[in-house]
Amino acid sequence: MCIFCKIVNNEIPSNKLLENDDFIAFHDLHPKAPIHVLVVPKNHVDCFQDVSAEMMAKMTLFVQEVTRLTGIDKTGYRLITNNGDDGGQEVHHLHFHVMGGAKLPFGHLSDEPHKNM
Ligand code: AMP
């Protein structure tokens with residue numbers, strides 16, 4: 001069983017923010033922003049490439065609720081999902097990073113030439 005399935009099943013602890021029948025949101029263990037929350041579907045889906053439109057529609061509303069709860073709905077935020085090896089996905093259970101609480105740097109999303117990657 002993957003690590004996020006264990007969190008969903010309460011087999012390992014998490015700093016939970018929000019939960020409903022379909023999704024759970026908890027604070028990232030190694031935050032990269034003042035607010036860094038992970039949104040995870042309770043049913044295991046490996047990655048964004050495999051997610052259904054139905055699940056995404058529900059997850060959109062859940063993510064929006066997370067941004068309201070953390071107060072970043074008005075100030076802005078970044079929503080990221082890493083997909084597969086080249087995308088840098090480490091946990092192979094679909095999750096969205098909801099990051100905000102400060103003006104976020106662009107890092108590798110800036111105008112770095114591709115040849116340097
Ligand atoms: P990714 O590289 O997109 O797969 O991101 C995985 C994220 O999960 C990283 O930001 C980790 O810090 C986070 N993470 C891993 N294990 C835990 C955990 N037990 N509780 C909270 N966050 C975790």
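Counting starts at 1 for both ligands and their atoms, in listed order.
- Close contacts between ligand 1 and Leu38 involve ligand atoms 8 (O), 13 (C), 22 (N) [criterion: under 4.0 Å to a heavy atom].
- The residue Lys32 has no part lying near ligand 1, judged by heavy-atom distances below 4.0 Å.
- Of the protein's heavy atoms, His95 NE2, 3.5 Å lies nearest to atom 6 (C) of ligand 1.
- From the protein, the heavy atom lying nearest to atom 16 (N) of ligand 1 is Ile3 CD1, 3.9 Å.
- Distances between N or O atoms of Glu90 and those of ligand 1 include at least one value under 3.5 Å.
- In Thr81, neither the side chain nor the backbone holds a heavy atom less than 4.0 Å from any atom of ligand 1.
- Contact between Asn15 and ligand 1 is absent, with no heavy atom of the residue lying under 4.0 Å from the ligand.
- Comparing Leu29, Val37, Leu94 against atom 21 (C) of ligand 1, the shortest heavy-atom distance belongs to Leu29.
- The distance from the CG atom of Leu18 to the CZ atom of Phe23 is 11.0 Å, given to the nearest 0.5 Å.
- Contact annotation: for Ile80 versus ligand 1, there are no heavy atoms closer than 4.0 Å.
- When all heavy atoms of Lys6 and Met1 are compared, the pair lying nearest together is CE-O, 3.7 Å.
- The aromatic ring centres of His36 and His97 sit less than 6.0 Å apart.
- Heavy-atom neighbours of Asn9 CG from other residues, nucleotides or ligands within 6.0 Å: above the threshold of 12.
- Of the inter-residue distances, the one linking Lys16 atom NZ with Ile7 atom CD1 reads 10.0 Å to the nearest 0.5 angstrom.
- His27 and Leu17 make their closest contact through NE2-CD1, 4.0 Å (heavy atoms, listed as atom of the first residue, atom of the second, distance).
- The number of heavy atoms from other shown groups lying within 6.0 Å of CG (Asp46) is above 12.
- Note: Phe96 and Phe62 fail the aromatic proximity criterion, with ring centroids not under 6.0 Å apart.
- Residue Val91 has at least one N or O atom closer than 3.5 Å to an N or O atom of ligand 1.
- In terms of N/O distances under 3.5 Å, ligand 1 is approached by Asn82.
- Regarding atom 2 (O) of ligand 1, its nearest protein heavy-atom neighbour is Gly88 O, 3.1 Å.
- The ligand atoms of ligand 1 that sit less than 4.0 angstrom from a heavy atom of His97 are 1 (P), 3 (O), 5 (O), 7 (C), 10 (O).
- Surrounding CD of Glu19 are more than 12 heavy atoms belonging to other residues, nucleotides or ligands, all under 6.0 Å away.
- Interface of Asp28 with ligand 1, defined as ligand atoms under 4.0 Å from a residue heavy atom, comprises 7 (C), 8 (O), 9 (C), 10 (O), 11 (C), 12 (O), 13 (C), 22 (N).
- Of all the heavy atoms in Ala33 and Leu104, the pair that sits closest is CB-CD2, 3.7 Å.
- Taking all atoms of both residues into account, the shortest heavy-atom contact from Val37 to Ala25 is CG1-CB, 3.8 Å.
- Near His27, with a cut-off below 4.0 Å to any heavy atom, the atoms of ligand 1 are 21 (C).
- For the pair Gln89 and ligand 1, the shortest N or O to N or O distance does not fall below 3.5 Å.
- Only the side chain of Phe4 comes within 4.0 Å of ligand 1, judged by heavy-atom distances.
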